[in-house]
Amino acid sequence: KAGVTQTPRYLIKTRGQQVTLSCSPISGHRSVSWYQQTPGQGLQFLFEYFSETQRNKGNFPGRFSGRQFSNSRSEMNVSTLELGDSALYLCASSLREQGLRGTEAFFGQGTRLTVV
Amino acid sequence: AQSVTQPDIHITVSEGASLELRCNYSYGATPYLFWYVQSPGQGLQLLLKYFSGDTLVQGIKGFEAEFKRSQSSFNLRKPSVHWSDAAEYFCAVGGTGRRALTFGSGTRLQVQP
């Protein structure tokens, strides 16, 4: 069974540009969550999508957005990139919504975004 | 608000020695607790989880963790560390009504030959 797939693995963008990251969850999983990982702030929750609906959102500016498609694949978009957006972006896949008893989150290898 | 504290930023142990990584959580109800491991440049791999029941849980790679409600702790242990265990370890808490996982700041494990 294939794991969580994130593409691309590495990205270099310029300040002011926008970027789209992709996540394909484990087959049959309907929840996709996104996390940002930086040395200074650690792992921070961005948002969760379940059945194409955003179910939960972290404390990030509106420049960070996401969506989920009918096949459960998800994309996140960051507009007007800032240097501080440089981070490892991790996607997590779950069979059900996070927070439900017995729900495990499985992570992809992440996309390393560097903003210059 | 829920939170997770991993008091040790960095730990060095000798290969073959035992290991205990500390995790303390703050959560108003029964928590769901997880330990993840991350190798450099990689994603997070789930080591083990606690949802309910037996407070001593077994995970992959020979790891175990014990949930102690009275101490709000969920420490990770391994009786004999291998060089391949060198990585960063994250404790996380989740629960009903709070869908997102809250992670600790991580403990970096170095293994000496």
Side-chain angles (χ1 to χ4, degrees), chain A residues 3-7 9-10 21 23-26 30-50 53-60 66 87-114, chain B residues 1-10 23 25 27-54 57-60 63 65 67 74 87-108:
Chain A
V4 181
T5 303
Q6 292 188 245
T7 57
R9 289 291 312 278
Y10 303 93
L21 313 181
C23 172
S24 293
I26 293 170
R30 296 168 63 192
S31 167
V32 173
S33 298
W34 289 89
Y35 290 81
Q36 181 196 63
Q37 185 179 25
T38 60
Q41 299 298 317
L43 281 151
Q44 293 186 290
F45 171 73
L46 282 155
F47 28 67
E48 179 188 10
Y49 285 86
F50 181 83
T53 303
Q54 188 180 89
R55 297 303 183 105
N56 196 9
K57 189 176 189 303
N59 189 27
F60 278 81
L88 182 66
Y89 290 88
L90 292 164
C91 162
S93 160
S94 302
L95 188 61
R96 304 177 297 167
E97 293 176 76
Q98 285 193 36
L100 295 179
R101 181 172 290 280
T103 300
E104 304 173 9
F106 297 89
F107 284 79
Q109 291 195 305
T111 294
R112 170 74 62 186
L113 172 64
T114 302
Chain B
Q2 66 189 48
S3 65
V4 178
T5 301
Q6 294 181 246
D8 305 305
I9 296 173
H10 184 250
C23 171
Y25 69 89
Y27 189 72
T30 300
Y32 308 150
L33 295 160
F34 308 85
W35 275 99
Y36 286 88
V37 61
Q38 185 179 38
S39 297
Q42 301 298 311
L44 302 176
Q45 181 181 23
L46 180 64
L47 281 176
L48 47 77
K49 59 191 180 288
Y50 171 79
F51 293 131
S52 65
D54 193 348
V57 293
Q58 302 297 321
I60 61 171
F63 286 93
F67 171 59
F74 188 58
E88 189 152 23
Y89 292 80
F90 292 92
C91 180
V93 64
T96 303
R98 176 74 181 182
R99 295 191 176 95
L101 294 174
T102 298
F103 286 86
S105 55
T107 297
R108 183 166 298 279

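A note on names: the letters A, B, ... follow the listed sequences, proteins ahead of strands, and every chain is numbered from 1.
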Which region of [X], side chain (C-beta onward) or backbone (N, CA, C, O), has a non-hydrogen atom less than 4.5 Å from a non-hydrogen atom of chain A, or is it both or neither?
| X | answer |
| --- | --- |
| B/Gln45 | neither |
| B/Leu46 | side chain |
| B/Ser39 | neither |

Are B/Thr5 and B/Tyr25 close enough that some pair of their side-chain heavy atoms sits under 4.5 Å apart?
no

Using modelled atom types and a 3.5 Å cut-off, is there a donor and acceptor pairing between side-chain atoms of A/Glu48 and backbone atoms of A/Ser33?
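No; zero donor-acceptor contacts below 3.5 Å.
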
Heavy-atom proximity to chain B below 4.5 Å, by part of A/Gln37
side chain

Toward chain B, the part of A/Ser94 with a non-hydrogen atom under 4.5 Å
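A/Ser94 has no heavy atom closer than 4.5 Å to chain B.
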
Does the plane of the ring in B/Phe103 sit parallel, tilted or perpendicular to the ring in A/Tyr35? Use 30° and 60° as the thresholds.
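Judged by the thresholds at 30° and 60°, the geometry between B/Phe103 and A/Tyr35 is perpendicular.
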
B/Phe34 and B/Phe51 aromatic ring geometry - parallel, tilted or perpendicular at 30°/60° bounds
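B/Phe51 and B/Phe34: perpendicular rings.
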
Of all the heavy-atom pairs spanning B/Gly41 and A/Arg9, show the shortest one and how long it is.
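So the minimum-distance heavy-atom pair works out to O-NH2, 3.2 Å.
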
